[in-house]
**Q** 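Could you have a look at this structure, given as structure tokens, before my questions?
Remember, it's 1-based here, ligands and their atoms both numbered in the order they're listed. If you're wondering where the values come from, they're calculated on a predicted model, not measured in any experiment.
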Amino acid sequence: MILTFIGTAGSGKTTLTAKFGQYLEKEGHNVAYINLDTGVKSLPYTPHVDVREMITVEQLMKSGLGPNGAIVKSYDILTPHAKEYANEISKLEEEFDYVLIDTPGQMESFLFHDFGSNLMENLREPLVVYLFDPNILKNLYDYCFVRFFALMIDLRLSATTIPALNKIDIIKNELEYYKKYLDNLEYLSSRLRLDPSTQGYLAYKLCSFLPDVISSVRLLYLSAISGAGFEELETVAYEHYCTCGDLT
Ligand code: GDP
Ligand code: MG
């Protein structure tokens, strides 16, 4: 089973890769770890595949590029090798129960660069977990946005994508509030309908359409630090591979 963690910088991809991997190992599974981040300095897991063996952001910055230019250049360098990486990962999938893929800190380096799409299209049924942080859920539009964004990732990478709210340990008391809007799209729509602004109308229209396409996709509530939700994540991964994408 291949699980790919995607999310904005700081959403917890690297921490979750390490901690969920440890959890699976304790359960008796063998786990392979893949690092696709050319900019990371140190990792809390030992990678079986590490793109930094080919190129790092640090090396490129030493040759005069700024941080953004160096990130883009690093993936330009990796792109011709995307298929080789996919083959290596696929081989590991045969040997290991789980392959956990930690993606670049900056999500756009993976989503909007050929390296990411070329790699993903050469993997067999990878499951993507889209991590988002409670801090981005400031108003009701944001709840609609994150559910839509998971769908956009699904389309962009042609891979089943599960949205996951990470860092629930920092919102303990408000978790039920977050769940009320994230889990119940009808309720969210009914609240958005009351908003008279243009954005309110847009969010309402988008949100009303969501149940047609994603109502059956489960949302995960995780804490990479405390391990909350790991059992659910394991179940979702298992169901994905045993039912080939049906996560109802
Ligand atoms: P990445 O950029 O997505 O790989 O994010 P990291 O895994 O490097 O995490 C960024 C920061 O968020 C680090 O300081 C982590 O310790 C912290 N972090 C990650 N997951 C959690 C979590 O579940 N709860 C809390 N409280 N902090 C977390
Ligand atoms: Mg990271």
**Q** Any N/O/S atom of Thr14 sitting less than 2.8 Å from the Mg ion (ligand 2), backbone or side chain?
**A** yes

**Q** Identify whether the distance between the nearest side-chain nitrogen and carboxylate oxygen of Glu232 and Arg218 falls below 4.0 Å.
**A** yes

**Q** Please write down residue, atom name and distance for the protein heavy atom closest to atom 26 (N) of ligand 1.
**A** Asp169 OD2, 2.8 Å

**Q** Check each heavy atom of Thr15 against ligand 1 and say whether those closer than 4.0 Å belong to the side chain, the backbone, both or neither.
**A** both

**Q** Starting from atom 20 (N) of ligand 1, find the nearest protein heavy-atom neighbour and note its residue, name and distance.
**A** Asn166 ND2, 3.3 Å

**Q** Just going by heavy-atom distances, which of Thr103, Val40, Thr14, Leu43 is nearest to atom 8 (O) of ligand 1?
**A** Thr14

**Q** Could you tell me whether atom 14 (O) of ligand 1 has a protein heavy atom closer than 4.0 Å?
**A** no

**Q** Over all heavy atoms of both residues, which pair between Leu119 and Tyr85 is shortest? Give the atoms and the distance, please.
**A** CD1-CB, 3.5 Å

**Q** Identify the two heavy atoms, one from Gln59 and one from Met54, that lie closest to each other, and give their separation to 0.1 Å.
**A** OE1-O, 4.4 Å

**Q** At what distance is the nearest protein heavy atom to atom 5 (O) of ligand 1, and which residue and atom is it?
**A** Gly12 N, 3.1 Å

**Q** Check Ser74 against Val57 and note the closest heavy-atom contact, atom names and distance.
**A** OG-CG2, 4.3 Å

**Q** Taking the basic N atoms (NZ, or NE/NH1/NH2) and the acidic carboxylate oxygens, is any pair closer than 4.0 Å for Lys167 and Asp133?
**A** yes

**Q** For the 3.5 Å polar cut-off, considering only N or O atoms, please tell me whether Ile170 and ligand 1 meet it.
**A** no

**Q** Report the part of Leu16 in contact with ligand 1, treating N, CA, C, O as backbone and CB onward as side chain, heavy atoms under 4.0 Å; options are side chain, backbone, both, neither.
**A** neither

**Q** Using a cut-off of 6.0 Å, state whether more than 12 heavy atoms not belonging to Glu25 lie near its atom CD.
**A** yes

**Q** Is there any N or O on Ala9 that sits under 3.5 Å from an N or O of ligand 1?
**A** no

**Q** Mind listing the closest non-hydrogen atom pair of Leu222 and Phe230 along with its distance?
**A** CD2-N, 4.4 Å

**Q** Contact between Gly7 and ligand 1, counting heavy atoms under 4.0 Å?
**A** no

**Q** What are the two closest heavy atoms between Leu131 and Gly12, and how far apart are they?
**A** CD1-C, 3.7 Å

**Q** Mind checking whether Leu151 and Val129 sit in one hydrophobic cluster, side chains of I, L, V, M, F, W, Y counted as touching below 4.5 Å?
**A** yes

**Q** Going by the order shown, which atoms of ligand 1 are within less than 4.0 Å of some heavy atom of Lys13?
**A** 1 (P), 2 (O), 3 (O), 4 (O), 5 (O), 7 (O)

**Q** Using a 4.0 Å heavy-atom cut-off, which part of Ile225 comes near ligand 1: side chain, backbone, both, or neither?
**A** both

**Q** Numbering the atoms of ligand 1 from 1, which are under 4.0 Å from a heavy atom of Ser11?
**A** 3 (O), 5 (O)

**Q** Starting from atom 18 (N) of ligand 1, what is the nearest protein heavy atom, named by residue and atom, and what distance separates them?
**A** Lys167 CE, 3.7 Å

**Q** Tyr181 and Asp142: side-chain hydrogen bond (donor to acceptor under 3.5 Å, both in side chains), yes or no, with the steps?
**A** CA-CA 10 Å; Tyr181 291 108; Asp142 300 323; over 6 Å; no

**Q** So, for His113 and Asp76, which heavy atoms are closest and what is the spacing to 0.1 Å?
**A** NE2-OD1, 2.8 Å

**Q** At what distance is the nearest protein heavy atom to atom 23 (O) of ligand 1, and which residue and atom is it?
**A** Ala224 N, 2.8 Å

**Q** I need the nearest protein heavy-atom contact for atom 2 (O) of ligand 1: residue, atom name and distance, please.
**A** Gly10 N, 2.9 Å

